[in-house]
J.: 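I have a structure I would like to understand better, so I am pasting it below and will then ask my questions one at a time.
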Amino acid sequence: MDLKQKEDSRKERIQKLKRGFAYNIFYRQGVTQKTASLNDYYLAVAHTLRDRMQHLFVNSVQALLEKDSKIVCYLSAEFLTGPHLHNNLVNLGLYEEFEQATRETGLNLKELIDLEEEPGLGNGGLGRLAACYLDSLASQQIPAIGYGIRYEYGMFDQEIADGWQKELSDCWLHPGNPWEIKKADMACDVGFGGHTEIYHGEHGNRRTRWIPARVITGVPYDTPIPGYKVNNVNVLRLWSAEAPTSFDFADFNTGDYYGAVKDKIMAETITKVLYPNDEQFQGKKLRLEQQFFFVSCSLQDMIRIHLHSNESLDDLYDDFAAQLNDTHPSVAVPELMRLLMDVHLYEWDKAWEITKKTLCYTNHTLLPEAMEKWQIELFEDLLPRHLEIIYEINNRFLDEVRIKFPGDADRLSRMSIIDESGPRYVRMANLACIGSKAINGVAAMHTDLLRRHTLADWNTMYPGKIRNVTNGVTPRRWIAVSNPRLTKLICDAIGEQWITRLDKLRDLEKLADDTSFRDAWYKVKKENKQDVANLILKKEHLQIDPEAMFDVQVKRIHEYKRQHLNVLHIITLYNRIKANPAIDVPPRLFVFGGKAAPGYFMAKRMIKLITSVAQIINNDPDIHGRIKIFFIPNYNVKIGHIVYPMTDLSEQISQAGMEASGTGNMKFSMNGALTIGTLDGANVEIREEVGAENFFLFGLNVDEVMSLQASGYSPMDYYNSNDELKQVIDLIASGHFSGGDQELFRPLVDSLLHEDKYTLFADYKDYINCQERVGQTYQDRDCWTRMSILNTARMGKFSSDRSIMDYSRKIWDVKAFPVELKWERLPKDGVLFTPPTNNKKEAQP
Ligand code: F58
């Protein structure tokens, strides 16, 4: 094609897009261009894009049907995808054309992008990781299905009222969701409760059947997941609960209208709302119902797809690798066994072989309080058949342990699936460890701690079964989509390859000493900061100097993440300036963001502390605006798009040994922020990659924390021997930040003085000193910018593409499956599918 032809076909495509918008406004939204709201336009544009994606999706399914390839099934109770429009435009390479077509239609694409309601179907890192992995699976051309729950209400929206967190329901579906397609004909039934019966099968062998007390239907909603500039489109399949029949007509006819719809309403509560818990196991029945519901639907779906092109399930594991994202889907172990034995009539040994070879388990936490364990009675009441299977798995497993470690009763009780130390519980991590072919941690240090402590027994029993796959994040969303200025600068300097080969960013290293490149780099950061400063001024009437250091901590609010250590530093600076106004403290904006679990008392107090300290310091004339504090409400993916590109300093200050990996730490560094952090989670590997000289390290390491705690840690000693620390704590306790109220922060102060579980006081001095080095370095703009460039340049390892390739090699044994474009956009005769010749339904992911 010559240049003119190219230009002509581009023009034609733009015209088609504009026709697409008009068509969707009229026929799909049912309004005219004059009466359409902005949301109508957003939906019209999104549908126009989805139609184009649909074509690629159909191709991907056809390619898979023609030639078998292993499919990765990522089972996760959470997928925190973030908004789709911008990301899909970038991945499909259609941003510029849509930009032009919307402009020529009189619309502003950016405005429409900002309008999109994000699906908040996750709490934090774990859910967001699942979304990054979906992007990388598609971009690496690995066939995959993400299986999860279509919560009607996602993560609550956070408002700050009088400095406190207020939770509001998240009605993300209300404006309409243009990305999903309901696949009613692929619905699955899921049982709950009831009892089991023994019967004798065809060959006289004993079999069990489960007679559930109630059945709920799972209906899938599919969202296409396009890879970056490839033809592969995978799918995120989320299950929604419905009653099998809409009304109980018996009740309806006798005039009991409420009774008639009661069952339907009860059924739908299963997928009504996401539990907003963070690292604290609650043990609620509805939560177990949610877990079993989506796991059963997903396994039934996999079996349906497999049986479409296979006679039996003997080799299910050749076609599927099912990854359990933490223990939330670990009821998959007994459910797959039940489906194989009770429904597909396998004997135990073969069913067990298939189960163990299909499932794999990722652990995301070391916190004991986060470990899932269900009360036996609750479990039995809801899943009686599954409990029987679990008992049998456990008996056989414990026999194995006895043979390997004779006479070791402690080991037996530690490794048993059933916790019998008090009231009896089903331990889901033990179940997942036994029932899967591989277990993995999410950062080198985390995996090491799993092997040495949390899962030490498993490591001894099955050497090699615990593997490491360090987390990663997708550079598409976290650089290309969210930081267009940096993307352009990097592409102009080294080309575009880095977007799918993040290790190519190394080519930036040589530019770190180039003054004009450094100036351009600094300019990008400053412009990103200026944008946010304008926004904060407009919304919060807070004046921010874009030259100030933007020092940011965004993540869930939790004591182990130690946002309050950050606050202790802020108050230290405040006291220093008050005592000595001439002191050299470079201007800083401290930014916090994150949600507290609604029932987590201390975390909510921490938010109140941050906002109260902000209130006093931001308005203290003695400070002359040298330090400012801003709590961004409702931190979510969309706000992440703004925060990572603006940040100079990333706070990763959890107590060593607590953060399994962290992924925000990676997003910051990729966008040129320097990190102040402890040796925890993936910080360790980030520091190794970027170089110790480009990372601000402080604090005790995990062994030091453990031995300090073992030797009887006394926070009071630190308080008494450090004047600055004492002053800070006393100031909080005095009511200085709470209008004289000495009670408000007493629980926080007391817990620090008398317990300090996360050793803030032990790390305080080192943190403050390290922050001083940070401040000095920031004043040397050339040095800081150089370090910033080197951080970005050396982040190649932390692309989720690398993580996915690690999983593919180390765990799933799956290879790329590039999809060719064989199908026309719409066949000329208008017939998209050849009608099936037999009655067998098309099996399609
Ligand atoms: C996070 N876990 C880890 N859990 O805390 C973090 O270190 C890690 O980087 C990330 O997983 C990804 O591996 C996490 O986000 C949750 O949100 C759970 C959701 C369900 C309830 C319990 C917490």
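We count ligands from 1, going down the list as the structure has it; atoms in each ligand are counted the same way.
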J.: Taking the side chain from Trp458 and the backbone from Lys465, do they hold a donor-acceptor pair closer than 3.5 Å?
T.: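 No; zero donor-acceptor contacts below 3.5 Å.
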J.: Nearest protein heavy atom to atom 16 (C) of ligand 1, by residue and atom, and its distance?
T.: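 Atom 16 (C) of ligand 1 sits closest to the protein heavy atom Leu126 CB, 3.9 Å.
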J.: Between Lys757 and Glu559, is there a side-chain N and carboxylate O pair less than 4.0 Å apart?
T.: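 No.
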J.: Of all the atoms in ligand 1, which lie at a distance below 4.0 Å from a heavy atom belonging to Ala660?
T.: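 Here the atoms of ligand 1 in question are 7 (O).
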J.: Starting from atom 13 (O) of ligand 1, what is the nearest protein heavy atom, named by residue and atom, and what distance separates them?
T.: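 Answer for atom 13 (O) of ligand 1: His364 ND1, 2.6 Å.
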J.: Classify the ring geometry of Trp812 against Tyr807: parallel below 30°, tilted from 30° to 60°, perpendicular beyond 60°.
T.: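 Ring orientation, 0 to 90° scale: parallel.
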J.: So, is the end of the Arg150 side chain (NZ or CZ) under 6.0 Å from the ring centre of Tyr221 and within 45° of the ring's axis?
T.: yes
J.: Between Asp135 and Asn91, do the side chains contain an N or O donor and an N or O acceptor separated by less than 3.5 Å?
T.: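 Yes - a donor-acceptor pair under 3.5 Å links their side chains.
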J.: Among protein heavy atoms, which lies nearest atom 6 (C) of ligand 1, and at what distance?
T.: Glu659 OE2, 3.4 Å
J.: Do Glu369 and Gln280 pair up side chain to side chain, a donor and an acceptor below 3.5 Å, judged on atom types alone?
T.: no
J.: Who's the nearest protein heavy-atom neighbour of atom 21 (C) of ligand 1, and how far?
T.: Asn277 O, 3.5 Å
J.: Under a 4.0 Å heavy-atom limit, does His446 contact ligand 1 with its side chain, its backbone, both, or neither?
T.: neither
J.: Against ligand 1, does Arg287 come closer than 4.0 Å with any heavy atom?
T.: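 True for this residue.
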J.: Is there a heavy atom in His328 that sits closer than 4.0 Å to ligand 1?
T.: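 Per 4.0 Å heavy-atom rule, His328 contacts ligand 1.
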J.: Below 4.0 Å from ligand 1: does a non-hydrogen atom of Gly662 turn up there or not?
T.: yes
J.: Please identify which of these residues, Lys595, His558, Lys555, meets the side-chain contact (heavy atoms from CB on, under 4.5 Å) condition with Asp278.
T.: His558
J.: Carefully, step by step, assess Phe292 and His386 under the rule ring-ring contact (aromatic ring centres under 6.0 Å, His included).
T.: CA-CA 10 Å; Phe292 177 65; His386 298 78; 4.7 Å; yes
J.: Is the ring pair Trp239/Tyr147 parallel, tilted or perpendicular, if the boundaries are 30 and 60 degrees?
T.: parallel
J.: What protein heavy atom is closest to atom 19 (C) of ligand 1, reported as residue, atom name and distance in Å?
T.: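 Sorting protein heavy atoms by distance from atom 19 (C) of ligand 1 puts Glu78 OE2, 3.3 Å first.
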J.: Relative to the heavy atoms of Tyr560, which atoms of ligand 1 are at a distance of less than 4.0 Å?
T.: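 In order of number, 5 (O).
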J.: What part of Gln280 sits under 4.0 Å from ligand 1 if we count only heavy atoms: the side chain, the backbone, both or neither?
T.: neither
J.: For atom 22 (C) of ligand 1, which protein heavy atom lies nearest, and how many Å away is it?
T.: Glu279 N, 3.6 Å
J.: Students should be able to answer this: which protein heavy-atom is nearest to atom 17 (O) of ligand 1, and at what distance?
T.: Asn123 CB, 3.6 Å
J.: Could you give me the CA-CA distance, side-chain angles and deciding distance for Asn468 and His446, then say whether side chain to side chain donor-acceptor pair (under 3.5 Å) is met?
T.: CA-CA 8 Å; Asn468 179 56; His446 171 230; over 6 Å; no
J.: Taking 4.0 Å as the limit for heavy-atom contacts, which would you say applies to Asn471 with ligand 1: side chain only, backbone only, both, or neither?
T.: side chain
